[in-house]
Amino acid sequence: MILVLLGAPGAGKGTQAGMLAAATGAAHVATGDLFRAEIAAGTPLGLAAKEFIDAGRLVPDEVTIGMIRARLAEPDAAGTVILDGFPRTVAQASALDEAFGASGRTISAVLLEVARADLEARITGRRVCASCGRSYHLVNKPPQRAGRCDACDSPLVTRSDDAPETVAARLANQLESLAAVADHYRTSGRLRVVDGSGRIDAVGGRLAAAAAEIGTGR
Ligand code: AMP
């Protein structure tokens with residue numbers, strides 16, 4: 001099955017999808033991470049995506065859909081997949097339905113709901129490892145050693161699209177399309193809403209319960 005984890009920027013999708021994937025053995029597929037890997041590798045796709053990402057805008061659908069189709073065709077995506085950051089538009093959601101509807105794979109969505117005021121604090125406090133991409137938060141999920149990654153000891157940096165001057169634009173751009181995507185799943189009876197506020201482990205417990213009800217891991 002495919003579990004679509006929906007949420008605004010800063011809602012905790014990456015952290016929670018990573019924890020859920022580790023606990024269930026599902027594959028964690030994050031479009032933001034795929035784009036960042038393409039940018040780091042200097043590919044044409046990465047170069048095209050970078051200008052949108054740095055401006056806090058969505059990468060065009062045709063680029064994003066092509067990239068995710070290729071990723072979902074890889075062997076580790078044959079079982080349960082947790083999709084983090086995709087779909088972000090109704091066109092992307094429809095493309096996902098079309099790609100997997102015929103195969104009989106179920107697609108269910110969980111929306112991590114977080115108040116707007118909390119989103120900004122979560123984004124501006126976020127730091128990521130420059131080397132392995134692991135994500136931290138200055139207050140909510142600090143590294144063991146300040147400024148260094150727990151896993152590989154590389155320096156922690158602020159994501160280019162997390163700069164305070166872009167955060168408001170990014171939220172404004174993305175909240176509207178998030179609502180439309182949530183509606184896409186709600187009207188087809190495939191949406192669950194999970195309270196994404198509070199401690200990481202508390203949110204993780206609520207998400208795991210919702211995922212178990214849907215049948216993640218099967
Ligand atoms: P994320 O790491 O999920 O916050 O994604 C970082 C940025 O990558 C987003 O702000 C978008 O610019 C871009 N991005 C990620 N996923 C998508 C998507 N499904 N559609 C369009 N752009 C995306």
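For the single chain, residues carry numbers from 1 onward in sequence order. Atom set for the values below is all heavy atoms of this structure, side chains included, hydrogens, waters and symmetry mates excluded. Both counts, for ligands and for their atoms, begin at 1 and track the order of listing.
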R192 and E213 ion-paired at < 4.0 Å: yes

Using the salt bridge (Lys or Arg N to Asp or Glu O under 4.0 Å) criterion, which residues pair with R148? Sequence neighbours excluded. D153

Tell me, which pairs form a salt bridge (charged side-chain N to carboxylate O under 4.0 Å, His left out) where one or both residues lie in residues 168-181, sequence neighbours left out? D161-R170, D162-R170

For Y185, is the NZ or CZ atom of R190 found under 6.0 angstrom from the centre of its six-membered ring and inside 45 degrees of the ring axis? no

Taking C-beta and beyond as the side chain, do L156 and P143 meet within less than 4.5 Å on heavy atoms? yes

Got the residues with a heavy atom under 4.0 Å of ligand 1, by chain and number? T31, G32, F35, R36, I53, R57, L58, V59, T64, G85, F86, R88, Q92, R159, D161, R170, Q174

Residues in side-chain hydrogen bond (donor to acceptor under 3.5 Å, both in side chains) with R122, at least two apart? none

